[in-house]
Amino acid sequence: MSAIFLPDVPPGVDLENRFRSADSLADKRVWGERWLTYLTYSHPDQALAFAREHTAEPGHPLFFQCWKSRGILANLQHEESEAIYAFQEALRLAEEAGAQDLQADVLLDWCAVPMNQGDVLRADQLIDQAARLIRVYPRPRQTFHLLIRQASSKLRLGQLHLAFPLFRQAERMLTTLQGQWQWDDLDYLTLLHSGLGEWYTGSGERQLAQQSYSRVVQICETFHLHTRITWHYLNAGIAFMALEQWDNARQMFLLAIAQDNPGQTEALAGAWANLGFIYLQQGEAKQAKEALDRAADMYEKAGPDKKNLAVIATWRARLARLNQQQDMVMHHFIQASEYARAIQDSSQLSLICKEIAEHYADLGEYKNAFEYLLLHDEIGEKAREEQQQRNLMELQVKYESEQKEQEAESLRAQAVELRLQAMRAQMNPHFLFNALNGIQHFINREDGDKASRYLAKFAGLVRQSLNLSNTELITLEEEVTFIQDYLFVNQKLRFDGRLHFSVKVDDEIDEDRVMIPPMMVQPFVENAIEHGFVKRQSGTIDIRFDLLEDDVIRCSVQDDGIGREAAIEMQAKNPLRDQHKSLGIGITRERLELLNRGEQSGHRLEIIDLKGPDQVALGTRVELYFPSRRKKI
């Protein structure tokens, strides 16, 4: 198995110390939220007690986070009503504060409740609601979470071909999140690998499934994540069983049993049942009986769960055959048949008839064996017909779902283009306001020459943006001119000459013939100015266009600003306040996704945090990749 990616996260004890020692309310909120998130996934009982206590204190600095954590933990303990109520309260608080990023966080956690209940439609509604919020102001961590939720939803619907690309896209984000990891990201990382494990299992890739589930176990053990670890041990054990690696499987099931986490009784019962099967396979009758009895008792209390009880009764019959307890063999087979009939499980019933036939054959009662073998064939044929009907119904549902998704995608594409046109037609309000103030400054100083010159430059820039608003492709030369003019106006009017910039184009690129989508670069230049140079009076932006292999154009926008971590930290100190929204970046991400679904794929975006040897932020580099298209002569 290849080496697993293990991110760096701040130790829980450090988070608690910083929370307890924080002087300001803002710092107490920042570190407290991170500490409570750590508790939620590593010490769930302590976190739930803390959250339940402080959701009764509206003035508490962690009031919002307490409601959110309470929802997560109540869901894990199958307290669905409490979970929904807690998420509703958390969402209400985020909406009242106008904090779209926090609203998206709540919705992505909330969707796990209907997902666990099998209501994928309701889960999708919550995921789509979160996706709309994230598109407005995308953040890498939230995008990572969203992709995993979307992939998991497709998996539940049986749409394996749609789930896998989403999981892979999330997997490619792992290194880009370096330096931003928090404890809830680790939970999503386990969901990523367990989702891949489920996908590989459904695709018949048993070895890859085992590797994925083993990665989940390693992450949970490394970071002491306890919320779902019983399930993860169970899944890893089943994957080892599929490979007939009985000793490894036994170890996983014993570890699952040792957890005894509240709210994970179903996983615990599964571990006991599968452990009993292994003991049965290895002829350890006493241990097999004890394990199967424990599992049956748990499944009886959980409903009862007749599907799993039918399987256990079948295994008990095998155990009775092993122990030559002839009077108990048919007792267990009859019990298994009753459970299977109660839930109309023809497939299990057919298997039971086959095992009964084998039992009678061993006893030399060939007439009974023959009759049960005929029954096995008859019921098996019915089971195959039922499965075929289910497959047809599932295909119909998938088809209708994909049709609706295609229609929704088309509408989203139209909406994105309309929003894009609106963005092009009016420059960012911050820029307009500051630029006009700069011109007014020269007028007030009665510096008419400068005012006229800069006004003309500004008017030309606005005219350029209006001309581009309805254009699908422009030459690279036009894009470069627009960027240079945009930076020039900012340099002279906002920074009074203290903004330094350069725009360079590879000599191998034919600027007047290479075509790219318009105004793709400007939002990232704007973001460097608005966030990279926040509270700074100067800065440098370097822009390069390079020609790579396979005729791909790479545009890099590099600044020497404060870096994303510091910018996020400044915003996080008061996460419920209004903040500058980089609408252009959100729309640009959507445009790249849509362009990749068109005739030419290969458009992509990478954001790289620049750091020195001492891990001090040196700025940010954005890299945009476009497939080169030529202007027709």
Side-chain angles (χ1 to χ4, degrees), residues 1-9 41-42 44 76 112 116 144-145 147-149 151-152 154-156 160 163-175 177-178 181 183-261 264 266-279 281-282 291 295:
M1 184 173 69
S2 59
I4 185 173
F5 173 83
L6 293 174
D8 292 324
V9 290
Y41 297 104
S42 60
L76 289 170
N116 291 344
F144 178 67
H145 298 177
L147 286 168
I148 292 169
R149 290 299 191 197
S152 300
K154 302 301 181 191
L155 209 56
R156 295 293 175 274
L160 300 184
F164 190 70
L166 293 168
F167 279 130
R168 279 302 193 195
Q169 192 176 344
E171 197 173 30
R172 286 194 294 271
M173 291 189 68
L174 295 180
T175 54
L177 293 174
Q178 195 64 26
W181 287 92
W183 283 89
D184 55 338
D185 301 321
L186 292 176
D187 185 60
Y188 275 95
L189 186 60
T190 64
L191 293 177
L192 167 62
H193 289 299
S194 60
L196 282 170
E198 189 175 343
W199 189 93
Y200 287 129
T201 300
S203 302
E205 299 281 355
R206 295 179 180 179
Q207 188 67 46
L208 291 174
Q210 176 267 311
Q211 290 176 5
S212 293
Y213 286 129
S214 294
R215 285 190 179 99
V216 179
V217 167
Q218 185 178 351
I219 292 167
C220 290
E221 290 179 341
T222 300
F223 296 101
H224 307 290
L225 304 179
H226 299 299
T227 51
R228 295 187 185 89
I229 196 165
T230 307
W231 278 107
H232 297 320
Y233 281 133
L234 174 63
N235 290 333
I238 292 171
F240 279 122
M241 279 180 65
L243 296 171
E244 298 186 2
Q245 296 182 18
W246 306 113
D247 289 342
N248 288 333
R250 183 198 300 222
Q251 181 186 6
M252 290 296 108
F253 296 139
L254 288 172
L255 286 169
I257 290 165
Q259 303 307 308
D260 199 18
N261 285 344
Q264 299 190 33
E266 186 181 350
L268 197 59
W272 275 115
N274 284 286
L275 185 62
F277 177 81
I278 291 175
Y279 286 138
Q281 286 291 101
Q282 297 180 337

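The first residue of the sequence shown is numbered 1, and numbering continues consecutively from there.
- Side-chain N/O atoms of Gln210 and Ser214 include a donor and acceptor closer than 3.5 Å.
- Counting only heavy atoms from C-beta outward, the side chains of Leu191 and Arg149 approach each other to under 4.5 Å.
- The number of heavy-atom neighbours closer than 6.0 Å to CD of Glu266, taken from other residues, nucleotides and ligands shown, is 12 or below.
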Report task. Start with the C-alpha gap between Trp181 and Phe144, add the side-chain angles, then the distance that decides, and say whether ring-ring contact (aromatic ring centres under 6.0 Å, His included) holds. Result -> CA-CA 11 Å; Trp181 287 92; Phe144 178 67; 5.7 Å; yes
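- His145 and Asp184 share no side-chain donor-acceptor pair at under 3.5 Å.
- Distance alone, capped at 3.5 Å, is enough to place a donor-acceptor pair between the Trp199 side chain and the Leu160 backbone.
- Separation of atoms CD (Glu171) and CG (Leu166) is listed at 12.5 Å; rounding is to 0.5 Å.
- In this structure, the side chain of Glu205 does not engage the main chain of Thr201 through any donor-acceptor pair within 3.5 Å.
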Requested in this report: Check the pair Gln211, Tyr200 against side-chain contact (heavy atoms from CB on, under 4.5 Å), reporting the backbone distance first and the verdict last.
Outcome: CA-CA 10 Å; Gln211 290 176 5; Tyr200 287 129; over 6 Å; no
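- If you take OG1 on Thr230 and CD on Gln259, they are separated by 5.0 Å, rounding to the nearest 0.5 Å.
- Residues Phe253 and Tyr233 are not in side-chain contact: their nearest non-hydrogen atoms beyond the backbone lie 4.5 Å or more apart.
- The existence of a salt bridge linking Glu244 and Arg206 is excluded, since no basic side-chain nitrogen approaches an acidic carboxylate oxygen closer than 4.0 Å.
- Between the side chain of Tyr213 and the backbone N or O of Leu234 there is no donor-acceptor pair closer than 3.5 Å.
- When atom types are taken as modelled, the side chain of Gln264 and the backbone of Thr227 share a donor-acceptor pair closer than 3.5 angstrom.
- One finds the OG atom of Ser42 at 9.0 Å from the NE2 atom of His224 (value rounded to the nearest 0.5 Å).
- Residue Ile148 holds its CD1 atom at 8.5 Å from NE2 of His193, rounded to the nearest 0.5 Å.
- Looking at Leu189, Asp187, Ile229 one by one, the single match for side chain to side chain contact (heavy atoms under 4.5 Å, CB included) with Ile219 turns out to be Leu189.
- To the nearest 0.5 angstrom, Ser194 atom OG is 8.0 Å from Arg228 atom CZ.
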